[in-house]
Every structure is written in structure tokens, then in C-alpha cells.
Amino acid sequence: MGSSFAVATTSIPSPPGSGRYEGVIDESWTLVLHPQGGVVTAAAVRAMEAELSTEGQGLRSLHTTFVAPVSHGAVDINVEVLRRGRSMSHLRAEVRNPATARGHLTTAVFGSPRPGFEFTDLAPPAGFVPLEEARSFRDPLPPGIEPFPPAPFWEQRLEGRGALGHAPWEDYGPGRAEHGTWYRMDEPPILADGTLDPLALIVMADTMPGAVGEKLGPQHRHGWFAPSVDLTFHLLGSCRSEWVFAHNLARHAGQGYASAEMALWDFGPDGHDEGRLVAYATQVCFFSFA
């Protein structure tokens with residue numbers, strides 16, 4: 001049997017050839033009220049891969065619009081092939097709960113390798129905490145700190161270790177909207193070739209409010225949440241490590257919305273190799289207050 005991530009994101013055709021798929025996302029992926037948007041998006045992409053069934057065309061980019069909430073439990077995925085090309089194909093999928101009108105709508109581009117140019121004109125930040133020294137989100141809280149609301153997603157599925165920025169209980173003067181975290185799934189979905197399932201990177205990318213919280217500072221640490229409006233994700237390379245470094249920036253906030261970006265870096269199994277940019281994502285979120 002595959003990892004819990006593979007199970008949550010794998011669906012079966014119902015019936016075969018119809019473009020309709022049925023799956024189940026269990027409650028352990030819940031973040032606040034509903035499963036984390038990245039895992040729902042990954043389920044959509046997995047169904048699109050099955051529908052496309054074209055050798056050599058891998059995910060290149062996707063855009064998800066979170067039209068309506070998707071709850072844990074049974075999900076229906078409707079897949080439409082917009083264009084099936086020899087080297088590039090376009091698909092659309094919607095994930096929703098049975099008997100609901102709408103859910104998460106994803107369009108994606110799949111493409112085979114092509115001749116072209118190669119460069120990475122982006123560098124990881126300096127001064128982040130090394131993997132072996134970074135504090136886990138699951139470590140005991142300092143004395144006197146009120147426990148955070150339970151979130152199965154952080155407790156059972158994705159471990160984070162703070163590497164850049166401040167812990168929520170620290171007293172500091174807000175500066176740049178920048179945040180960095182080491183991420184690892186509790187059951188890393190490693191493929192047969194030894195690389196991380198690239199769809200796991202979508203889950204790690206959909207964690208962008210951290211930079212917003214860093215900018216707001218301790219005076220605004222409680223009473224707000226930032227649900228996703230959308231998620232754009234570019235898959236740039238394979239990841240050879242279970243641990244991924246996520247560098248998060250928020251560029252603007254206004255009128256109740258914030259714009260953020262995420263760069264995912266592979267620093268190798270022990271976190272000390274030269275960094276490789278494996279994915280890049282952007283997102284708009286909105287502010288919701290208790």
C-alpha cells in the first residue's frame with residue numbers, strides 16, 4: 001500500500017472512460033475546518049494524470065481557484081481534456097464533495113522535455129537555520145504559552161521546522177514579510193527512482209500566510225486566518241530529499257487580501273548540499289477574522 005499522501009490523492013474512474021473519478025480524503029489532512037488546499041489540488045492533478053495517460057508528459061504548471069470548500073470524506077473529481085498534444089496537453093478538473101455544486105477548480109499544463117536554455121536566476125535566502133538546528137512545530141511550547149488549536153494536518157501529516165523569521169510567541173518588531181520553513185511529510189511519498197513525489201510539493205507550497213504573519217508581528221498574532229483564493233504552481237525539477245526548504249514572501253496586502261509567493265528548495269538529504277530550485281508558487285489569500 002502507498003503512503004497516506006498517495007492514498008488521499010488517488011481516485012478511481014467511475015465508470016472507466018467517463019472522465020469522472022471517485023476518491024476519499026481522510027480527516028487527518030484537515031487544516032482548521034477543511035482539508036488543506038494543496039492536498040485537494042494534488043488529488044485533482046493525480047486524476048488528470050490518469051485521464052491523460054500520456055508517457056513523457058509531466059506536470060509543468062497549474063492554477064487552482066478555491067471556488068467552494070471541499071470537506072474531508074468522499075470526493076468526486078470531474079476531469080476534462082482541453083487539448084491533447086504530442087508534446088503538451090491541457091486539462092481541467094474540479095474536486096467537490098458528492099451532492100455539492102462546486103469545489104476546487106484546477107487547470108494544468110503537462111509537457112514533455114524540450115530543447116531550450118537552462119538557468120536559475122533566483123538564490124535561496126541567507127542566514128536561515130540549518131535543518132539539524134531548526135525547531136519543530138511539534139516541540140513542546142515554552143512555559144506559559146497557550147497551546148494552539150489542534151490541526152491534524154500539522155500534527156500527523158506535515159512536519160515543519162522554523163528556519164527564518166520568528167516563532168508565534170516571540171516579541172519582536174515587525175520587519176520584512178519573509179518566512180522560511182523546513183518541511184517533511186510524516187510518510188514521505190518516495191517514488192521508485194528515489195525522488196519525492198512531485199505532487200507533495202503542491203502541499204508544501206500552499207502554506208503562504210506565514211510571511212503575512214511575520215510582517216504583522218506579535219500584536220496581530222491571534223484572531224485572524226488567511227484562506228486561499230487561488231494557487232499557481234510551477235514544477236521546475238525533481239526533489240531528491242524528504243526535506244524541502246520553503247522560502248515564503250508576501251509582497252502586498254490591501255482591501256482584505258494579500259499576495260504571496262513561495263520558492264521550494266532541495267538541499268539534499270541532510271540539508272547541506274547546494275540548493276536546487278524545484279518549484280515556485282504564488283497565491284492570493286483573504287483575511288478572515290474570528
Side-chain angles (χ1 to χ4, degrees), residues 1-13 21 23 25 29 36 38-62 77 79 84-91 93 106 108-120 122 124 131-132 157-161 181-207 231 233-247 262-281:
M1 190 174 182
S3 67
S4 58
F5 175 70
V7 172
T9 56
T10 298
S11 54
I12 58 174
Y21 293 77
I25 301 177
W29 294 95
Q36 193 247 13
V39 73
V40 180
T41 298
V45 176
R46 191 89 72 192
M48 285 189 273
E49 289 177 335
E51 187 71 13
L52 181 60
S53 64
T54 299
E55 291 292 332
Q57 291 191 24
L59 177 66
R60 298 293 167 177
S61 70
L62 65 84
I77 307 175
V79 180
R84 189 189 302 269
R86 289 177 296 177
S87 62
M88 188 177 297
S89 299
H90 302 71
L91 291 91
T106 300
V109 178
F110 298 81
S112 58
R114 308 169 64 91
F117 309 101
E118 295 188 12
F119 63 86
T120 299
L122 182 67
L131 175 60
E132 67 275 9
R157 293 307 179 202
L158 187 68
E159 180 185 359
R161 296 186 182 182
T181 310
W182 292 101
Y183 285 132
R184 177 187 179 272
M185 285 192 170
D186 284 72
E187 298 177 50
I190 302 299
L191 303 180
D193 62 0
T195 62
L196 186 70
D197 184 339
L199 302 193
L201 298 174
I202 303 172
V203 175
M204 299 175 185
D206 189 28
T207 57
L231 173 68
F233 175 87
H234 298 170
L235 182 61
L236 307 177
S238 60
C239 187
R240 63 207 162 174
S241 172
E242 297 179 357
W243 285 99
V244 178
F245 178 73
H247 183 213
M262 179 77 83
L264 298 180
W265 295 88
D266 174 13
F267 283 95
D270 60 1
H272 290 286
D273 292 355
E274 182 179 357
R276 294 173 57 249
L277 184 64
V278 293
Y280 178 80

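Only a predicted model underlies this, so the values are computations on that prediction, with no experimental measurement involved.
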message: Quick one, Tyr280 with Leu236, criterion side chain to side chain contact (heavy atoms under 4.5 Å, CB included). Give me CA distance, side-chain angles, the key distance, then yes/no.
response: CA-CA 7 Å; Tyr280 178 80; Leu236 307 177; 4.2 Å; yes
- request: Compare all side-chain heavy atoms of Phe233 with those of Val45 and state whether any distance is below 4.5 angstrom.
  value: no
statement: Distance col, row Leu191:CG vs Cys239:SG, nearest 0.5 angstrom, shows 10.5 Å
query: Does Thr207 reach the main-chain N or O of Met204 with its side chain, forming a donor-acceptor pair under 3.5 Å?
result: yes
Nearest-0.5 Å distance that lies between atom CD in Glu242 and atom CD1 in Ile190: 5.0 Å
message: Check this for me, if you would: do Arg46 and Asp197 make a salt bridge, where the nitrogen-to-carboxylate-oxygen distance has to be below 4.0 angstrom?
response: yes
- request: For residues Val79 and Leu91, determine if any side-chain heavy atom of one lies less than 4.5 Å from a side-chain heavy atom of the other.
  value: yes
message: Go through it in stages, so that I can follow the logic: the residues are Tyr21 and Met48, the test is side chain to side chain contact (heavy atoms under 4.5 Å, CB included), and I'd like the CA-CA distance, side-chain angles, deciding distance and then a yes or no.
response: CA-CA 10 Å; Tyr21 293 77; Met48 285 189 273; over 6 Å; no
- request: Please check if the side chain of Ser11 supplies one atom and the backbone of Gly23 the other of a donor-acceptor pair under 3.5 Å.
  value: no
- prompt: Can you name the one residue among Asp193, Thr195, Asp266 that meets side-chain hydrogen bond (donor to acceptor under 3.5 Å, both in side chains) with Arg240?
  reply: Asp266
Minimum heavy-atom distance Leu201-Ala279, with the two atoms named: CD1-CB, 4.3 Å
message: For Ala200, give me all partners under side chain to side chain contact (heavy atoms under 4.5 Å, CB included), at least two apart in sequence or on another chain.
response: Phe5, Met185, Pro189, Leu196
task: Walk me through it: do Val109 and Met88 pass the test side chain to side chain contact (heavy atoms under 4.5 Å, CB included)?
output: CA-CA 7 Å; Val109 178; Met88 188 177 297; 3.7 Å; yes
Side chains of Leu264 and His247 in contact at under 4.5 Å (non-hydrogen atoms): no
query: Is there a side-chain contact between His90 and Phe110, using heavy atoms and a 4.5 Å cut-off?
result: no
- prompt: Which atoms form the tightest heavy-atom contact between Asp206 and Gly38, and what is the distance?
  reply: OD2-N, 2.9 Å
message: In the structure I gave you, are the side-chain heavy atoms of Trp243 and Arg184 within less than 4.5 Å of one another anywhere?
response: yes
query: Does the side chain of Asp186 come within less than 4.5 Å of Ser3's, by heavy atoms?
result: no
message: Please check if the number of heavy atoms outside Glu132 that lie under 6.0 Å from its CD is greater than 12.
response: yes
Parallel, tilted or perpendicular: rings of Trp182 and Phe267 (30°, 60°): perpendicular
- request: Examine distances only and state if a side-chain atom of Arg276 and a backbone atom of Ser238 form a donor-acceptor pair shorter than 3.5 Å.
  value: yes
query: Taking only residues two or more places apart in sequence, or in another chain, which ones meet Gln57 in a side chain to side chain donor-acceptor pair (under 3.5 Å)?
result: Ser89
message: Minimum heavy-atom separation for Ala93 and Ile77, please, with both atom names.
response: CB-CG2, 4.2 Å
- prompt: Would you call Val203 and Thr41 a side-chain contact if the rule is heavy atoms closer than 4.5 Å?
  reply: no
message: I need the minimum non-hydrogen distance between Trp29 and Ala8, along with the two atoms involved.
response: NE1-CB, 3.4 Å
query: Are side-chain heavy atoms of Leu231 and Thr106 found at a separation under 4.5 Å?
result: no
- request: Go through Leu235 and Ser61 one step at a time and tell me if the side chain to side chain contact (heavy atoms under 4.5 Å, CB included) criterion holds.
  value: CA-CA 6 Å; Leu235 182 61; Ser61 70; over 6 Å; no
statement: In terms of heavy-atom contacts, Ala281 and Ala205 come closest through CB-CB, 3.8 Å
- request: Please list, chain by chain and in numerical order, all residues satisfying side chain to side chain contact (heavy atoms under 4.5 Å, CB included) with Thr181, sequence neighbours excluded.
  value: Phe137, His179, Tyr183
